[in-house]
*Asks:* 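One structure follows; several queries about it will come next.
Residue numbers start from 1 in every chain, and the chains themselves are labelled A, B, ... in the order their sequence lines are given, proteins ahead of strands.
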Amino acid sequence: MQREWIGRTEGAEIDFKVEGQEGAALRVYTTRPDTLFGATFMVVAPEHSLVGSMTTDAQRAAVEAYVQAASAKSDLERTDLAKEKTGVWTGAYAHNPAFEEGDERGRIPVWVADYVLASYGTGAIMAVPGQDQRDWDFASEFGLNIVRTVEPPASFDGEAFTGAGPAINSGFLDGLGVDEAKARMIAQLVERGVGQAKVNYRLRDWLFSRQRYWGEPFPVLHLEDGSHVRVPDGDLPVTLPEMEDFKPSDDGSAPLARAKDWVVASDPSGGGPARRDTDTMPGWAGSCWYYLRFMDPKCATAPLSPEAEEYWGNVDLYIGGTEHAVLHLLYARFWHKVLFDAGVVKTKEPFQRLFNQGMLTAFAYKDGTGRLVPADEVNLEADPPVSKATGERLEQVIAKMSKTLKNVVNPDDVCEKYGVDTFRLYEMFMGPLADSKPWNPRDVPGSRKFLERAWRLFVDPDADEPLRPGLGDDSGVTPEGPALDVERALNQCLQRVDDSFKAFNFNTAVAAFMEFLKGASSKGLNGSQASRFVRAMAPFAPHFADEIWSRMGHAGSVHHAAWPAVDERFLESDEFEMPVQILGKLRAKVMVSREASRDEMEAAARAAVADRMEGKEVVKTIVVPGRLVNFVVK
RNA sequence: GGGGAUGUGGCGGAAUUGGUAGACGCAUCGGACUUAAAAUCCGAAGGCCUUGGCCGUCCGGGUUCGAUUCCCGGCAUCCCUACCA
């Protein structure tokens, strides 16, 4: 994603002479120099610096009106109206350098249109309607010439053809493929001094100053002669002054400018008068390196000490939404790389692992016309849900939480009704962390019910005791009988919990807890098992676990207790239920020892499906040790 | 238009390296307890024919003894971004 955002493209810059404009050529950037013969007009952005001088008197009024209108539109409006192409001819002609001087085919009109952006490339394009759909649209709209310079396949019935094919109508390029034609054209442009190969980036500048109070002040002093110097290291950091009123001002000046005493400083070299810079840095200034400062927040002499960096290393795991992938995370990497080059940090990358969590969505309801109905107008008691107003049956769909749909879930309300542990447990139970998934209010009580059941495993509701007898003593005893079954179940549960941390699918850990609880409820726990179960539950239901932990007689928090280890001796039982297949289809199941040999497995399998095998010839037998047996028959 | 991801019951979702599809939960249905209800506990349950089968992981092909999983080609949905030349 970051690669796309940086948006490296390879192409060429080409200069077009404009009639009547000596010296000032119109420079364009293109990724398709091979299509130059098909450039039948040019378009410049309304903000382009040559618009004024190129425009002829006859066209001046129309062009000025168009430029005016474009500048009044916000970026949003300009892209909003993207469907229809608008533009005005400047009255000027340029010469397409693919053709000889004086060749009528090379005389092409120059237009102004807002589909060309001033902020990308050179703010001007050569329009090749035959190979670019936007140019095709514009040409159709205004009756401009269209020449194909790439031969589309016979089956092609579209408009602009952007695919690969042999060059046509292109003089010395005819017959060449796209890549070869690009290279030849660039070589020729270079030879004639009217163009060169060029790499372009989509990455945009990002303004780094704000006229707000909250933010880091720039450690910069303005001197009387208009120059500026850095605040000396010994005077760092520059801290914000205390201000009564730190709201942004109406005229756009920085709030800090009103802190008159603070602004006054002196030139560190000469002692003459100086003024502090009153702009502050934006929020992302801090977000670009906070993870470093967190390693050593009190260090007074550097961003962080080498010892702190050594100890904490670089960030093991960064969990964030994908919305951060191209802005915050890209710029944090930039900063880190600069700090690496400056010798401040020892690593080239800030984060060892990035994990994008999914987005929580919510159910929304659609009526027959496809309109989304706000949640408060839906009767959810009905099945299927119906509109409260009309009684119409509604289709349940998944949508982003939004104010207009009134399907936003407020965590406070959920915690108020079910408790924080239930809220947390439900979120973990919903599905894998990476997936986006819908919040279903109906499912939440299930998590609450599980916690209540787990509570009763430890606390007898009919007794006055803080804990069921025996659960406070966690001395290890070799389990036997029913306790052995529980021991196996517990270790399998702990194994699944550990696995869930590795895969970030905590839902399977919660499922493991639920399954374990079902067995343990009827058989009971010993103290050691109770202790391990509670410790494993701690990350999932922290308050629940801490309460039980203290009732077990521990002084400290369960969150400081050791993580329960899996004892592999108890992971697997001696026997397993082996599936027997014929031609890949399940035909029987039979209990077999885990240690059974291939022959033993096959014999058990044959016995289990003997009646089905009568009169059939076994062509092949597949035995997967510890797994299954499959007979291929004729 | 570009990029990223995802398609499994009524719903959220399970399923190491290809090896019992549907774990766990919700909703549903049945039972126990109760004067009754709530709560709690126990049980049933993918679909279609009937006592043993057939069909089933978005659709169509392929590889394989065996495909939710691997390969090829489609379709759909979500997120981000966008006249990027």
*Asks:* Check the orientation of Phe423(A) and Trp439(A). Use parallel for under 30°, tilted for 30 to 60°, and perpendicular for over 60°.
*Replies:* tilted

*Asks:* Using the P atom as the reference point in each nucleotide, state the distance between rG62(B) and rA44(B) in Å, no decimals.
*Replies:* 40 Å

*Asks:* Tell me whether Lys85(A) forms a cation-pi arrangement with Phe138(A), defined as NZ or CZ under 6.0 Å from the six-membered ring centre and within 45 degrees of its axis.
*Replies:* no

*Asks:* Could you check how far CG of Asp135(A) sits from C1' of rC83(B), rounded to whole Å?
*Replies:* 10 Å

*Asks:* Using a 6.0 Å cut-off, check whether atom NZ of Lys437(A) has over 12 heavy atoms from anything other than its own residue.
*Replies:* yes

*Asks:* With a cut-off of less than 4.0 Å, is there a side-chain N or O of Tyr29(A) near OP1 or OP2 of rA85(B)?
*Replies:* no

*Asks:* Would you indicate, yes or no, if rC24(B) has its OP1 or OP2 atom less than 4.0 angstrom from a side-chain nitrogen or oxygen of Lys449(A)?
*Replies:* no

*Asks:* Is the phosphate of rG53(B) approached by Arg587(A) (side-chain N or O, under 4.0 Å from OP1 or OP2)?
*Replies:* no

*Asks:* Could you let me know what rU20(B) is paired to, Watson-Crick or G-U wobble, both distances under 3.5 Å, or none if it's on its own?
*Replies:* none

*Asks:* Decide whether Tyr115(A) and Asp135(A) meet the rule of one side-chain donor and one side-chain acceptor closer than 3.5 Å.
*Replies:* yes

*Asks:* Sugar-phosphate atoms are those with a prime plus P, OP1 and OP2; base atoms are the rest. Using that split, label each nucleotide of nucleotides 8-15 of chain B B, S or - for protein heavy atoms under 4.0 Å, 5' to 3'.
*Replies:* ---SBSSS

*Asks:* Scan Glu577(A) against the nucleic acid and name what it touches under 4.0 Å (heavy atoms): base, sugar-phosphate only, or nothing.
*Replies:* base

*Asks:* Show your reasoning for whether salt bridge (charged side-chain N to carboxylate O under 4.0 Å, His left out) applies to Glu515(A) and Arg496(A).
*Replies:* CA-CA 11 Å; Glu515(A) 280 176 67; Arg496(A) 287 171 71 186; 3.2 Å; yes

*Asks:* Between Arg202(A) and Arg612(A), which has a closest nucleotide on RNA chain B that is more 5'?
*Replies:* Arg612(A)

*Asks:* What's the gap between rC70(B) and rG19(B) when it is taken at their P atoms, as a whole Å value?
*Replies:* 11 Å

*Asks:* Confirm from the modelled atom types if Lys400(A) and rC78(B) form a donor-acceptor pair under 3.5 Å, side chain to base only.
*Replies:* no

*Asks:* Do Ser447(A) and Tyr418(A) have side-chain N/O donor and acceptor atoms under 3.5 Å apart?
*Replies:* no

*Asks:* At 4.0 Å (heavy atoms only), tell me whether Arg448(A) reaches a base, stays on the sugar-phosphate, or touches nothing.
*Replies:* nothing

*Asks:* Can you tell me how the ring of Phe458(A) sits relative to the ring of Phe544(A), calling it parallel under 30°, perpendicular over 60° and tilted otherwise?
*Replies:* perpendicular

*Asks:* If the plane angle is over 60° it's perpendicular, under 30° parallel, otherwise tilted; pick one for Trp111(A) and Phe142(A).
*Replies:* tilted

*Asks:* Please give me the minimum heavy-atom distance between Tyr66(A) and Asp114(A), naming the atom from each residue.
*Replies:* OH-N, 3.0 Å

*Asks:* Counting Watson-Crick and G-U wobble pairs only, both distances under 3.5 Å, name the nucleotide matched with rG1(B), or none.
*Replies:* rU81(B)

*Asks:* Partner lookup for rU34(B), please. Criteria are Watson-Crick or G-U wobble with both distances under 3.5 angstrom; report none if nothing qualifies.
*Replies:* none

*Asks:* Taking CD from Gln492(A) and C1' from rA23(B), how many angstroms apart are they, rounded to a whole number?
*Replies:* 13 Å

*Asks:* In Watson-Crick or G-U wobble terms, both distances under 3.5 Å, what is the partner of rC29(B)?
*Replies:* rG43(B)

*Asks:* For rG25(B), does the glycosidic angle fall within 90° of 0 (syn) or outside that (anti)?
*Replies:* anti

*Asks:* List every contact pair, protein side and nucleotides 64-70 of chain B side both N or O, where the distance is under 3.5 Å.
*Replies:*
from	atom 1	to	atom 2	distance (Å)
rC65(B)	O2	Asn630(A)	ND2	2.3

*Asks:* When you look at CD of Glu452(A), are more than 12 heavy atoms from neighbouring residues, nucleotides or ligands closer to it than 6.0 Å?
*Replies:* yes

*Asks:* Say we look at rU6(B) and rU69(B): how far apart would their C1' atoms be, to the nearest angstrom?
*Replies:* 15 Å

*Asks:* Just how far, in rounded Å, is P of rG1(B) from CD of Glu159(A)?
*Replies:* 13 Å

*Asks:* Please report the distance, rounded to the nearest Å, between CD in Gln357(A) and C1' in rC78(B).
*Replies:* 16 Å

*Asks:* Starting the side chain at C-beta, find the nucleotide from rA85(B), rC24(B), rU40(B) nearest to Ala511(A).
*Replies:* rC24(B)

*Asks:* Can you tell me the distance, in whole Å, between the CZ atom of Phe513(A) and the P atom of rG25(B)?
*Replies:* 14 Å

*Asks:* If you take atom types as modelled and just measure distance, does the side chain of Arg627(A) reach the base of rU17(B) with a donor-acceptor pair under 3.5 Å?
*Replies:* yes

*Asks:* Distance check, C1' atoms only: rU20(B) and rA82(B), in whole angstrom units.
*Replies:* 49 Å

*Asks:* Taking rA23(B) as the reference, what is the distance to rG12(B) when you measure between their C1' atoms (whole Å, please)?
*Replies:* 13 Å

*Asks:* What is the distance, rounded to the nearest whole Å, between atom CG of Leu354(A) and atom C1' of rG4(B)?
*Replies:* 13 Å

*Asks:* How long is the straight-line distance from CE of Met537(A) back to CG of Leu517(A), given to the nearest 0.5 Å?
*Replies:* 8.0 Å

*Asks:* From the options rG19(B), rC79(B), rC83(B), select the nucleotide whose nearest atom is closest to the side chain of Met359(A).
*Replies:* rC79(B)

*Asks:* Checking contacts here: which listed nucleotide (rC54(B), rC24(B), rA85(B)) is nearest the side-chain heavy atoms of Glu515(A)?
*Replies:* rC24(B)

*Asks:* Determine the Euclidean distance between corresponding P atoms of rC58(B) and rU64(B); express it in Å to zero decimal places.
*Replies:* 23 Å

*Asks:* Which residue in the set Val497(A), Asn505(A), Asp499(A) passes side chain to side chain contact (heavy atoms under 4.5 Å, CB included) when paired with Phe501(A)?
*Replies:* Val497(A)

*Asks:* Can you tell me the distance, in whole Å, between the OH atom of Tyr120(A) and the P atom of rA82(B)?
*Replies:* 14 Å

*Asks:* Write down the distance separating the P atoms in rG31(B) and rA15(B), rounded off to the nearest Å.
*Replies:* 36 Å

*Asks:* Could you check how far CG of Asn356(A) sits from P of rC79(B), rounded to whole Å?
*Replies:* 16 Å

*Asks:* Would you mind pulling out the nucleotide paired to rG60(B), Watson-Crick or G-U wobble, both distances under 3.5 Å?
*Replies:* rC72(B)

*Asks:* Write down the distance separating the C1' atoms in rA38(B) and rC54(B), rounded off to the nearest Å.
*Replies:* 44 Å

